[in-house]
Amino acid sequence: MLISLKDIRKSYLSGKISLEVLKGVNLDVGAGDFVAIMGRSGSGKSTLLNIIGCLDRQTSGTYLFEGSDIKAKSDDELAGLRNGRFGFVFQTFNLLPRYRACKNVEIPMLYANIPKDKREALAVEMLEKVGIAGRKDHTPAELSGGEQQRVAIARALVMQPKVLLADEPTGNLDSRSGMEIMDIVRKLNEEGITIILVTHETEIAGEAKRVITIHDGVVYNE
Ligand code: ADP
Ligand code: MG
């Protein structure tokens, strides 16, 4: 199993009060799967996605990625995993405003110390893949929302991740741009990338192979 979560719990402390957001999540995701995570606002979707992507650690429970226990990994090992195995796409795109599209796509390769000429070539290749190479020298402010999200997807793909994690990737887009983004996501899954996508839109979730719902801190299969 690529991803295996067993009895994952996550609590946040606010002042002296502990808020338990995830109350024993069990979830297996196989290589090549396409899972949509649904649930109302505040139900813990982003919390779960961030734990899966090693942006955050669980309070208790076991997370096995490619069979190895995340808990046993050092911060450096986790950083390597994050940059190499996962691609992240967010609702707000999270591009660096002063960088051109091409440079934004290069960022994960900067962390991985990939040489400049290779970085530039790969960035353009990825921008071509998401149909936006013609905008490579534009800054985010010069791009539409849909175009910015394509750049963000190109950035997420550039290290050839196993898993693409998308947190409400169409949440800030009109429905047509949203569907164009979903077309890209579906094609990536057809090429073999595992997709885990958070959404609260039924139509978007319908693009996935499998839909799960978080309710009261627990995951339900639909
Ligand atoms: P969703 O993505 O489903 O809207 P989140 O995972 O963002 O939900 O949040 C779940 C709950 O956890 C919310 O009540 C939120 O306020 C709380 N929460 C999320 N992140 C933190 C944090 N870093 N510190 C304290 N509380 C948090
Ligand atoms: Mg969220």
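This chain uses plain numbering: 1 for the first residue, then up along the sequence. Whatever order the structure lists ligands and atoms in, that order sets their numbers, starting from 1. We use all heavy atoms of the structure for the numbers below, so side chains are in, but hydrogens, waters and symmetry mates are not.
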Exercise. Could you check Arg119, Arg100, Lys116 and say which one makes a side-chain hydrogen bond (donor to acceptor under 3.5 Å, both in side chains) with Glu106?
Key: Arg119

Practice problem: Identify the protein heavy atom lying closest to atom 7 (O) of ligand 1, giving its residue, its atom name and the separation to 0.1 Å. | Solution: Ser46 CB, 3.7 Å

Practice problem: Mark whether atom 16 (O) of ligand 1 lies under 4.0 angstrom from at least one protein heavy atom. | Solution: no

Quiz item: Between Leu19 and ligand 1, does any nitrogen or oxygen pair lie at a separation below 3.5 Å?
Solution: no

Quiz item: Are Glu66 and Lys162 close enough for a salt bridge, meaning some N to O gap below 4.0 Å?
Solution: yes

Quiz item: With a 4.0 Å cut-off on heavy atoms, does Glu168 reach ligand 1?
Solution: no

Quiz item: For the residue pair Phe88 and Phe90, does the interplanar ring angle fall in the parallel (under 30°), tilted (30 to 60°) or perpendicular (over 60°) class?
Solution: parallel

Exercise. Measure the distance from atom 24 (N) of ligand 1 to every protein heavy atom, then report the residue, atom name and distance (to 0.1 Å) of the closest one.
Key: Tyr12 CD2, 3.5 Å

Quiz item: Ser41 heavy atoms, cut-off 4.0 Å: which ligand 1 atoms fall inside?
Solution: 4 (O)

Quiz prompt | Residues Lys129, Glu191: salt bridge by 4.0 Å N-O rule | solution = yes

Quiz item: Taking side chain as C-beta onward, heavy atoms only, is Leu78 less than 4.5 Å from Arg57?
Solution: yes

Practice problem: Take Leu64 and Ile3 through the side-chain contact (heavy atoms from CB on, under 4.5 Å) test and state the conclusion after the steps. | Solution: CA-CA 6 Å; Leu64 303 180; Ile3 288 167; over 6 Å; no

Quiz item: Does ligand 1 have a heavy atom under 4.0 Å from the side chain of Val21, from its backbone, from both, or from neither?
Solution: side chain

Quiz prompt | Option set Gly44, Ser11, Gly42, criterion heavy-atom distance to atom 4 (O) of ligand 1, minimum | solution = Gly42

Quiz item: How close does the nearest protein non-hydrogen atom get to atom 5 (P) of ligand 1, and which residue and atom is it?
Solution: Thr47 OG1, 3.7 Å

Quiz item: Between Arg9 and Glu20, is there a salt bridge with N-O shorter than 4.0 Å?
Solution: yes

Exercise. Please determine if Glu190 and Arg186 form a salt bridge, counting it only when a charged side-chain N lies under 4.0 Å from a carboxylate O.
Key: no

Quiz item: Is there a heavy atom of Gly39 sitting under 4.0 angstrom from any atom of ligand 1?
Solution: no

Quiz prompt | Under 2.8 Å: N/O/S of Ser41 next to the Mg ion (ligand 2) | solution = no

Quiz item: According to a 4.5 Å side-chain heavy-atom criterion applied to Ile, Leu, Val, Met, Phe, Trp and Tyr, with indirect links allowed, do Val29 and Ile204 form part of one hydrophobic cluster?
Solution: no

Quiz item: Would Ser14 count as a contact of ligand 1 if the rule is a heavy atom under 4.0 Å away?
Solution: no

Self-check item: Close-contact set for ligand 1 against Arg40 heavy atoms, below 4.0 Å
Solution: 3 (O)

